[in-house]
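Have a look at the structure below before the remarks.
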Number of protein chains: 2
Amino acid sequence: MKYDHDDVIEKATELFWQRGFQAAGMRDIQQALDMRPGSIYARFQSKEGLFKLVVENYAQNSAKRLKQVAEAESPLGALYHFFETALTGPDEQRYMRQCLLVKSIAELDIIGDIAKKAVLESMQTLKTGFRDIIEACIENGELPEQTPAKLAAEWLQNQFVGLRAFAVVQDDDEPITQMIDKVLLDIKGQWPLNTH
Amino acid sequence: MKYDHDDVIEKATELFWQRGFQAAGMRDIQQALDMRPGSIYARFQSKEGLFKLVVENYAQNSAKRLKQVAEAESPLGALYHFFETALTGPDEQRYMRQCLLVKSIAELDIIGDIAKKAVLESMQTLKTGFRDIIEACIENGELPEQTPAKLAAEWLQNQFVGLRAFAVVQDDDEPITQMIDKVLLDIKGQWPLNTH
DNA sequence: GGTTTACTTGAACGATCGTTCAAGCGACAA
DNA sequence: TTGTCGCTTGAACGATCGTTCAAGTAAACC
């Protein structure tokens, strides 16, 4: 019963991730989940309700992966590996390069207030995850003490977002890995003073 | 007649930019353009045909702005200003922070082959624009000679894309300007050697 | 004057959208 | 046995989707 629930969410995630909230029709969902409309509405109340669960589950998984990076022996090395696996990969999973959350941000005004809230809160959750990685790197001596953790965390998340939007239209893996290399150079580089 | 045409494209751009291709319904378009369905189809053949014109016009405008940056007295200074105006701004124009092209990439599988081609070609056009800026900076002595122009251009576009996705969910302007500062530090920083 | 051309109107089309609902199923409690 | 519960089915709802079309208008060309 519980396994079945996870399986359903997983399949819904795949569909929303590929097509987006708007373009994933209820008929597509019915087919993907092998459920009839009544069942779906009895369980999830609406398309938006299902999407909310998908987003939350996605964010939870992502946060878990970020936590693993932060707790690795070499957080910076794990970070590289994390970026690489997320941004490259087989062509049939290309849709996975685009972050589901970022994709949802493009639909933010469409998806309804409940789902919107879930998306924005999930973004916040991931930001915390990135922050933990930065702090782990500092503690581990892989980043200098004076690295501004809060700014660096936002910056890192930002790099990730940009790279994912970038990777999805890149045929070659080579430019992507070069970009990741650049990220790992810049993270050790200079930071602006907040004097605006 | 010509002015009228530009005005129509401009209004359509605003609508697509705010709502996206999918969510902008023909009835919304009819209202925004103050045109009846028959007129729209006589002129643009389809919703996708109109969207294609919007994308091409958007890319052309963006390319023009990038060209102005490259031809400025201080390209690097102009670049900063370009980023700042694109990424900050009044709240009622928040939708403009998100790049129309990047937003369209999220809908790439939905918008049809003709519009898809236009989006991808426009991305290519803008990449050339960024490349010209890098080269102008090098020629002007604002960037070191050995800066890898091709890689740096892709990186710069990538930063822009990431920042736009980032800025759209930021309430504050402060973190955004800090990110821009970081971009201008990193562009002068180290670059990876392409040894993969 | 007649024909063509580009554009206009608004009703209407068939398809698809998210959602509802009466009816039924098996499991568990009283 | 009876009642309630979570969950199932599939037909059907009204709304909205992108699009078509017959009919009309005004300027341009022969």
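Reckoned from all heavy atoms, side chains included, excluding hydrogens, waters and symmetry mates. First the proteins, then the strands, lettered A, B, ... as listed; each starts at 1. These numbers were taken from a predicted model, which means no experiment stands behind them.
Between the CG atom of Asp28(A) and the C1' atom of dT19(C) there is a distance of 16 Å, given to the nearest Å. The distance from atom CD1 of Ile29(B) to atom C1' of dT19(D) is 12 Å, rounded to the nearest whole Å. In this structure, the CE atom of Met26(A) is 11 Å from the C1' atom of dT20(C), given to the nearest Å. Atom NE2 in His5(A) sits about 14 Å away from atom C1' in dG6(D), given to the nearest Å. Note: CZ (Arg19(A)) to P (dG18(C)) measures 10 Å, nearest angstrom. Rounded to an integer number of Å, the gap from CZ of Arg27(B) to P of dA12(C) is 14 Å. Residue Gln30(B) contributes atom CD, which lies 12 Å from atom P of dA11(C) at whole-angstrom precision. As a whole-Å value, the separation of Gln22(B) CD from dT16(C) P is 14 Å.
Scanning residues 31-40 of chain A for heavy-atom distances under 4.0 Å to DNA chain D yields Met35(A), Arg36(A), Pro37(A), Gly38(A), Ser39(A).
Once rounded to the nearest 0.5 Å, the distance linking CG of Leu66(B) with CG of Asp132(B) reads 9.0 Å. How far OH of Tyr58(B) is from CG of Leu101(B): 5.5 Å, rounded to the nearest 0.5 Å.
A side-chain donor-acceptor contact under 3.5 Å links Lys47(B) to the backbone of Ala24(B).
The residue among Ala42(A) and Lys47(B) whose nearest nucleotide of DNA chain D is located toward the 5' end is Ala42(A).
With dT20(C), dC13(D), dG18(D) as the choices, the nucleotide that has an atom nearest any side-chain atom of Tyr41(B) turns out to be dG18(D). Closest contact between the side chain of Arg43(A) and the listed nucleotides dT8(D), dT8(C), dA12(C) involves dT8(D).
Using bins of under 30°, 30° to 60° and over 60° for the plane-to-plane angle, the ring pair Phe16(A)/Phe21(A) lands in the parallel bin.
Remark: Lys52(A) does not engage Glu48(A) in a salt bridge, criterion side-chain N to carboxylate O under 4.0 Å. A salt bridge is absent between Asp113(B) and Lys117(B): the closest approach of a Lys/Arg side-chain nitrogen to an acidic carboxylate oxygen does not fall below 4.0 angstrom.
Residue pairs meeting the ring-ring contact (aromatic ring centres under 6.0 Å, His included) criterion with at least one partner in residues 115-145 of chain A, sequence neighbours excluded, are Phe130(A)-Phe160(A).
At the heavy-atom level, Ala24(B) lies under 4.0 Å from the strands shown only through sugar-phosphate atoms.
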